[in-house]
Asker: 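Let me give you the structure first, and then I'll get to my questions.
Scope of the values below: all heavy atoms of this structure, side chains included, with no hydrogens, waters or symmetry mates. Here the structure is a predicted model, which means the values were calculated and not measured.
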Amino acid sequence: MAQESLNPFEIALRQFDEAADKIGLDDGMRAVLRTPKRQLVVSVPTLMDDGSVRVFEGYRVQHNLARGPAKGGIRYHPKVTLDEVKALASWMTWKCATVNIPYGGAKGGVACDPKKMSRSELERMTRRYASEISIIIGPDRDIPAPDVYTDAQTMAWIMDTYSMTIGHSALGVVTGKPVGLGGSLGRAEATARGALFCIREACAVIKKPLRAATAAVQGFGNAGGTLARLLHEDGARVVAVSDSRGGVYSARGLDPGQVREHKTRTGSVVGFKGSERITNEELLEVKCDILVPAALENQIVLKNAGRVRARIVAEAANGPTTPGADRVLRERGVFVVPDILCNAGGVTVSYFEWAQDMQGFFWDEPEVGRELEKFMKRAFHDVLAASRRHGVGMRVAAYILAVGRVAEATRVRGLFP
Ligand code: NAD
């Protein structure tokens with residue numbers, strides 16, 4: 001079997017090129033949209049609790065600003081690289097355009113192991129990183145949010161650091177903040193809830209009631225852990241879940257609320273009572289109707305795509321499926337809800353949060369929920385219609401829509417100077 005590239009930015013460019021070919025984008029526009037607008041690499045010297053100083057490498061990439069300020073999360077992970085951040089930034093551009101919110105795409109990250117750092121070390125590293133990237137972020141310029149191993153507290157530190165720098169409180173500089181600090185009701189669940197709306201629509205397409213469906217979820221954090229609970233509440237049987245330490249399986253179904261309690265107590269889903277231990281690789285091959293990758297990139301690859309037994313793959317994670325695996329899934333008739341659609345609920349409610357911050361006027365939770373459902377359903381059906389019109393899978397269809405929108409904004413703005 002041919003060796004496939006697992007470089008996330010090369011993968012992002014291949015996905016872009018496929019859509020660009022379909023819509024006949026000219027070479028100049030292609031070159032503009034393939035290239036990140038700004039790439040900032042910063043060193044983040046941090047005082048550790050033992051008195052030593054460590055220097056972490058941090059990144060902030062703004063991929064495209066044609067449709068509005070840049071938007072995208074910040075990831076803390078030992079394997080963060082510039083190419084990963086570039087890929088994630090470009091996926092944010094296409095995601096914001098897919099759900100038609102007025103943002104470009106960005107992403108940030110720090111190569112560090114947050115599990116081995118104390119809270120005060122994390123705070124000092126976050127504040128120094130925020131200060132280093134403050135030259136390009138801001139409510140009208142680039143608005144970070146949480147991603148893997150960052151959360152509402154991380155956002156509060158960034159908001160405070162930025163606000164101290166400019167001399168007044170800037171609520172709109174980050175989203176995913178604590179509700180008491182200009183955060184939006186419903187933001188914590190938004191990524192999972194948005195994915196749930198997509199899964200409901202996908203079940204209707206393949207004519208499988210969600211109530212009668214089984215699901216397996218890889219990753220038990222903000223996206224995966226919450227989605228497992230929402231699927232369970234909707235009547236689906238969640239047969240397998242996992243985190244970085246491994247997975248658990250039960251043909252009878254797991255109660256995600258109890259799994260969450262177990263993880264809070266022990267640090268992992270592994271060892272949950274009445275379950276069988278499985279690996280993360282085995283989870284992807286579990287017999288189920290809905291497979292939800294909700295951890296990291298490159299999980300469904302050419303090597304294992306033929307063994308995926310789900311009928312729907314709902315990509316709560318960014319970039320979980322390689323282009324080669326995507327082709328295999330398509331040939332096998334698996335309905336893939338692509339990341340730039342499936343997990344767009346997070347950035348959509350981030351947009352609502354930012355709009356509330358800028359207006360200083362806050363919505364109640366039902367209103368957030370109603371608007372999210374409206375945005376997600378509209379986007380799902382726009383993508384489905386494009387997929388039928390062009391005779392392509394949902395991923396290429398989402399890119400066709402998104403690339404078309406960003407290209408149009410770029411065209412009408414014109415080339416400066
Ligand atoms: P998180 O930090 O809350 O959770 C990550 C989860 O993945 C944890 O349970 C962790 O144990 C697990 N994990 C880590 N490495 C793993 C591995 N090798 N195998 C299996 N599990 C592993 O992060 P999150 O915010 O839930 O993000 C998860 C994915 O969802 C990422 O791809 C992220 O980009 C994407 N996403 C998140 C949001 C959001 O709003 N949080 C929005 C859109 C997309």
Side-chain angles (χ1 to χ4, degrees), residues 15 91 94-95 98-100 189-219 223-224 226-241 283-284 286-294 299-300 305 308-321 325-348 369 372-402:
Q15 292 164 335
W91 287 327
W94 313 129
K95 188 183 305 182
T98 299
V99 281
N100 215 355
E189 287 196 343
T191 303
R193 212 163 265 293
L196 179 71
F197 291 135
C198 289
I199 290 170
R200 285 184 187 157
E201 300 304 308
C203 282
V205 173
I206 70 157
K207 300 190 169 55
K208 174 89 193 177
L210 185 50
R211 274 178 283 96
T214 51
V217 182
Q218 185 198 48
T226 312
L227 184 53
R229 174 170 63 74
L230 296 179
L231 285 166
H232 177 74
E233 285 170 8
D234 246 27
R237 183 150 44 95
V238 179
V239 292
V241 299
L283 181 137
L284 300 170
V286 155
K287 184 163 168 35
C288 63
D289 299 302
I290 304 157
L291 175 63
V292 182
Q299 299 302 303
I300 306 176
V308 168
R309 289 193 279 171
R311 295 180 63 196
I312 294 172
V313 171
E315 296 182 342
N318 285 306
T321 310
D326 215 16
R327 201 179 53 243
V328 173
L329 295 180
R330 202 157 57 231
E331 282 163 8
R332 296 182 54 231
V334 179
F335 189 94
V336 176
V337 187
D339 47 6
I340 60 170
L341 170 64
C342 190
N343 69 39
V347 75
T348 301
L372 176 62
E373 183 166 8
K374 193 168 84 190
F375 273 70
M376 292 306 298
K377 277 193 181 161
R378 186 173 55 207
F380 183 96
H381 287 285
D382 284 352
V383 173
L384 186 64
S387 126
R388 289 176 175 158
R389 199 166 51 246
H390 292 273
V392 295
M394 291 286 279
R395 186 183 321 275
V396 180
Y399 274 84
I400 286 175
L401 267 189

Asker: How many angstroms lie between NZ in Lys208 and CZ in Arg311, if you round to the nearest 0.5 Å?
Answerer: 6.5 Å
Asker: Hey, does Arg229 have a side-chain heavy atom less than 4.5 Å from the side chain of Glu189?
Answerer: yes
Asker: Could you check whether any side-chain N or O of Ser387 sits under 3.5 Å from a backbone N or O of Val392, counting only pairs where one atom can act as donor and the other as acceptor?
Answerer: yes
Asker: Below 4.5 Å, heavy atoms only, C-beta onward: do Val205 and Phe380 meet side chain to side chain?
Answerer: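 The answer is yes, as the side chains (C-beta and beyond) meet within the 4.5 Å cut-off.
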Asker: Where is the tightest heavy-atom contact between Gly224 and Val217, given as atom of each residue plus distance?
Answerer: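 Scanning both residues completely, I find the closest heavy atoms to be O-CG1, 3.6 Å.
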Asker: Please report the shortest heavy-atom distance between Ala398 and Pro338, naming the atom on each side.
Answerer: CB-CG, 4.2 Å
Asker: Using the side-chain contact (heavy atoms from CB on, under 4.5 Å) rule, pick out the option among Val383, Val336, Asp382 that qualifies with Leu341.
Answerer: Val383
Asker: Does anything in residues 390-399 pair up under salt bridge (Lys or Arg N to Asp or Glu O under 4.0 Å), and if so which pairs, sequence neighbours excluded?
Answerer: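 Found Glu315-Arg395, Asp326-Arg395, Asp339-Arg395.
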Asker: Specify the closest pair of heavy atoms between Ala228 and Val241, including all atoms of both residues, with the distance to one decimal.
Answerer: CB-CG1, 4.3 Å
Asker: Can you find a pair of side-chain heavy atoms, one from Leu384 and one from Glu201, that are under 4.5 Å apart?
Answerer: no
Asker: Rounded to the nearest 0.5 Å, what separation is found between the CH2 atom of Trp94 and the CD1 atom of Ile340?
Answerer: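 Those atoms lie 9.0 Å apart.
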Asker: On a heavy-atom basis, which atom in Trp91 and which in Gln15 lie closest, and how many Å separate them?
Answerer: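 Nearest pair, atom of Trp91 first, then Gln15: NE1-OE1, 2.9 Å.
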Asker: Among Asp289, Val238, Ile290, find the residue that satisfies the side-chain contact (heavy atoms from CB on, under 4.5 Å) test when tested with Thr214.
Answerer: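 With Thr214 as partner, side-chain contact (heavy atoms from CB on, under 4.5 Å) holds for just one option, Asp289.
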Asker: Kindly give the heavy-atom pair with the smallest separation between Ala316 and Ala223, and that separation in Å.
Answerer: CB-CB, 4.5 Å
Asker: Could you walk me through whether Asp234 and Arg200 pass the side chain to side chain contact (heavy atoms under 4.5 Å, CB included) check?
Answerer: CA-CA 9 Å; Asp234 246 27; Arg200 285 184 187 157; 2.8 Å; yes
Asker: Kindly compute the distance separating OG1 (Thr98) from CE (Met376), expressed to the nearest 0.5 Å.
Answerer: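 The CE atom of Met376 is 9.5 Å from OG1 of Thr98, to the nearest 0.5 Å.
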Asker: Please tell me if the side chains of Val328 and Ile300 come closer than 4.5 Å, counting only heavy atoms from C-beta onward.
Answerer: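 With C-beta onward as the side chain, the pair stays apart.
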Asker: Between atom CZ of Phe375 and atom OG1 of Thr348, what is the distance when rounded to the nearest 0.5 Å?
Answerer: 7.0 Å
Asker: Does a side-chain heavy-atom distance below 4.5 Å link Ile199 with Val292?
Answerer: yes
Asker: Of all the heavy-atom pairs spanning Ala386 and Leu401, show the shortest one and how long it is.
Answerer: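 Reported closest heavy-atom pair: CB-CG, 4.4 Å.
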Asker: Mind checking whether Val239 and Lys287 have side chains closer than 4.5 Å, heavy atoms only?
Answerer: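 Sidechains of Lys287 and Val239: no contact.
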Asker: What is the distance from atom NE2 of His232 to atom CG of Leu230, rounded to the nearest 0.5 Å?
Answerer: 11.0 Å
Asker: When rounded to the nearest 0.5 angstrom, what is the spacing between CZ in Arg193 and OG1 in Thr226?
Answerer: 9.5 Å
